[in-house]
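For reference, the structure is listed below as structure tokens.
Whatever order the structure lists ligands and atoms in, that order sets their numbers, starting from 1. Owing to the predicted nature of the structure, the values given are computational and were not obtained by experimental measurement.
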Amino acid sequence: MQFGDLARVLQQEIGAWDAKPVSETTGYVGQVGDSVAMVTGLRNTVYGELIDFASGAKGIALNLEEDSVGCVLMSGETLVHDGEEARGTGRVVSVPVGKGLLGRVMNPLGEPIDGKSAIEAEEFYPIESPAPPVIERSPVDTPLQTGILSVDAMVPIGRGQRELIIGDRQTGKTAIAIDAIINQKGKDVYCIYCAIGQKASSVAAIMHNLEKYGALPYTFTVLASASDSAALQYLAPYSAVAMAEYFMRQGKDVLVVYDDLSKHAVAYRTISLLLRRPPGREAFPGDVFYLHSRLLERSAKLSEGLGSGSITALPIVETQAGDISSYIPTNVISITDGQIFLDSELFNSGVRPAIDVGLSVSRVGGTAQKKAIRKVSGRLRLDLAQYREMAAFAQFGSDLDKSTQDKLAQGARLIEALKQPQFSPYSMEEEAALLFAAVRGYLSKAKVEEIGSFARGFLDYLKMNHNGILASIAETGEIPLEMEQDLELSAGKFAEQWAKKAA
Ligand code: ATP
Ligand code: MG
């Protein structure tokens with residue numbers, strides 16, 4: 001390059017350099033303790049603004065008072081000292097978004113914590129943003145198959161819905177959410193697992209399973225473990241949903257699991273008490289409802305004009321001794337579109353997934369089911385409800401008439417058929433065929449304790465001999481009348497063979 005050219009390029013570059021003055025406010029730490037710093041002298045600070053401290057610590061502004069700003073520290077709590085300089089960055093916390101996140105583990109600030117390379121961001125999204133307004137939404141009508149027979153049949157989940165998973169500790173809450181993620185393989189749904197306040201070892205085990213079952217190419221994790229600061233735990237679900245919003249705006253479907261919101265509420269309570277906000281019921285601050293409502297309202301199914309993307313949320317809440325009427329559970333139940341209630345007695349008696357059919361509902365209901373499943377699920381609920389009622393009476397041991405005996409036998413078999421081990425999701429057509437055979441009474445040919453192998457045997461039999469039926473259900477999502485006959489015939493034949501083998 002000639003000297004003249006070089007000079008011209010330089011001149012151009014300098015001419016194009018547009019150094020706008022940036023206003024920056026600095027203040028000083030007045031008081032610090034318990035991961036809260038009171039900073040004086042900051043002006044024009046906004047709620048949720050990121051504050052940088054001279055020592056390298058980071059905090060967010062949560063209390064905006066007249067003469068000081070209350071910052072909760074996210075990292076470097078031990079470094080900050082009185083009189084230190086603090087700088088308002090002028091921006092609220094933002095996280096990287098895009099396909100570069102898939103397969104990764106990040107903290108709530110979007111920094112990688114899996115020891116791999118830096119994250120390639122397509123854009124940055126602020127973690128707090130308003131929920132889509134009514135006119136941008138469309139009704140929830142597309143099923144999100146979880147592959148769990150009892151969920152898909154009785155508490156169906158639609159894309160864009162919020163379904164709470166609630167139950168005592170160790171009742172299989174996480175297991176349902178992880179199975180739902182694993183079942184999205186090949187279904188063009190991105191999944192986010194947001195772990196809040198859990199042991200790092202449990203999250204490692206979950207990551208291992210996600211990898212083992214091939215879920216990592218479409219899944220990523222946002223983690224604030226029990227050892228992270230309360231501020232990071234508080235931010236985690238908002239940053240997860242911000243990452244989800246990017247995909248939703250691209251017209252994609254996203255599934256977000258918040259595991260769990262009880263610990264999230266506790267982290268927020270810690271922050272609020274440290275900031276000296278007045279405690280209310282169960283020592284939670286007054287705005288704890290808004291904490292979760294503004295998060296869950298961001299799940300939506302967007303209208304066609306906006307690309308029909310969706311965010312489906314599966315928040316998890318832990319109860320104490322099955323009490324769903326305490327503060328956080330009632331709040332979250334009222335915000336979501338239904339709940340899957342897991343019962344520890346059922347779990348311990350071997351009914352897994354331990355779904356309490358009476359207390360579990362989905363307010364979206366049948367519109368989020370394929371016709372083939374809707375056709376049989378009404379009957380299933382009815383049979384189970386009758387069984388529960390009669391089982392209570394039958395305990396008294398008086399002699400029972402034939403029809404009561406039949407109903408009891410059918411109910412016991414249905415409960416067996418709904419048992420399902422972890423990591424073995426059913427496809428939609430398998431669910432439909434199995435439920436069809438079950439509600440039409442074909443299970444009665446097998447003993448109660450054989451039902452598990454009978455069900456698996458029946459599906460294998462269909463695949464080997466009548467794969468056309470399954471293929472057709474998969475394609476149309478329906479069981480038309482003519483096919484009902486075929487299904488009845490093959491179920492009858494299989495049940496006969498089964499009975500003969502047993503004899
Ligand atoms: P925590 O309260 O500790 O978060 P949790 O309610 O999330 O517990 P999980 O960790 O999902 O419960 O499950 C508890 C145990 O039950 C695990 O060991 C899991 O493997 C087992 N489990 C869960 N679901 C099933 C199932 N369908 N079949 C067999 N075992 C299961
Ligand atoms: Mg769990």
| request: If you have a sec, work out which protein heavy atom is nearest atom 7 (O) of ligand 1 and how many Å separate them, to one decimal? | output: Thr174 OG1, 2.7 Å
| task | Could you tell me how the ring of His264 sits relative to the ring of His292: parallel (under 30°), tilted (30 to 60°) or perpendicular (over 60°)? | result | tilted
| note | In Val257, Leu210, Asp259, the residue satisfying side chain to side chain contact (heavy atoms under 4.5 Å, CB included) with Ile178 is Leu210
| said: I need the atoms of ligand 1 closer than 4.0 Å to a non-hydrogen atom of Gln420, numbered in the order shown. | reply: 26 (C), 27 (N), 28 (N)
| From atom 18 (O) of ligand 1, is the closest protein heavy-atom distance below 4.0 Å? | no
| said: Assess whether a salt bridge exists between Glu297 and Arg294, defined as any Lys/Arg side-chain N lying under 4.0 Å from an Asp/Glu carboxylate O. | reply: no
| message | Among all the protein's non-hydrogen atoms, which is closest to atom 16 (O) of ligand 1, and how far away is it? | response | Phe347 CZ, 3.1 Å
| Can you tell me which residue and heavy atom of the protein come closest to atom 23 (C) of ligand 1, and the distance to 0.1 Å? | Ala175 CB, 3.5 Å
| request: Kindly assign one of parallel, tilted or perpendicular to the pair Phe494 and Trp498, based on the angle between their ring planes and the thresholds 30° and 60°. | output: tilted
| message | Nearest 0.5 angstrom please: Glu163 CD to Ser362 OG, how far? | response | 5.0 Å
| request: Write out the residue and atom name of the closest protein heavy atom to atom 25 (C) of ligand 1, then the distance separating them to 0.1 Å. | output: Gln422 CG, 3.6 Å
| message | If you compare all heavy atoms of Asp260 against all heavy atoms of Val317, which two are closest, and at what distance to 0.1 Å? | response | CB-N, 4.4 Å
| field | SB check Asp114 Arg104 (cutoff 4.0 Å) | value | yes
| said: When you measure from the Mg ion (ligand 2) to the N, O or S atoms of Thr174, does any of those distances fall below 2.8 Å? | reply: yes
| task | Note the single closest protein heavy atom to atom 6 (O) of ligand 1, along with its residue, its atom name and the distance in Å. | result | Lys173 NZ, 2.7 Å
| said: Among all protein heavy atoms in this structure, tell me which lies nearest to atom 15 (C) of ligand 1, with the distance rounded to 0.1 Å. | reply: Gln170 OE1, 3.7 Å
| said: Whether Lys370 and Glu431 form a salt bridge (side-chain N of Lys/Arg under 4.0 Å from carboxylate O of Asp/Glu) is what I want to check. | reply: no
| field | Closest approach of any protein heavy atom to atom 26 (C) of ligand 1, naming residue and atom | value | Arg352 CB, 3.6 Å
| request: Answer yes or no: is there an ion pair linking Glu450 with Lys501, defined by an N-O contact shorter than 4.0 Å? | output: no
| said: Between ligand 1 and Gly172, is the shortest N or O to N or O distance under 3.5 Å? | reply: yes
| Judged by non-hydrogen atoms, does Pro353 sit under 4.0 Å from ligand 1? | yes
| Under 4.0 Å to a heavy atom of Arg169 - the qualifying atoms of ligand 1, by number | 2 (O)
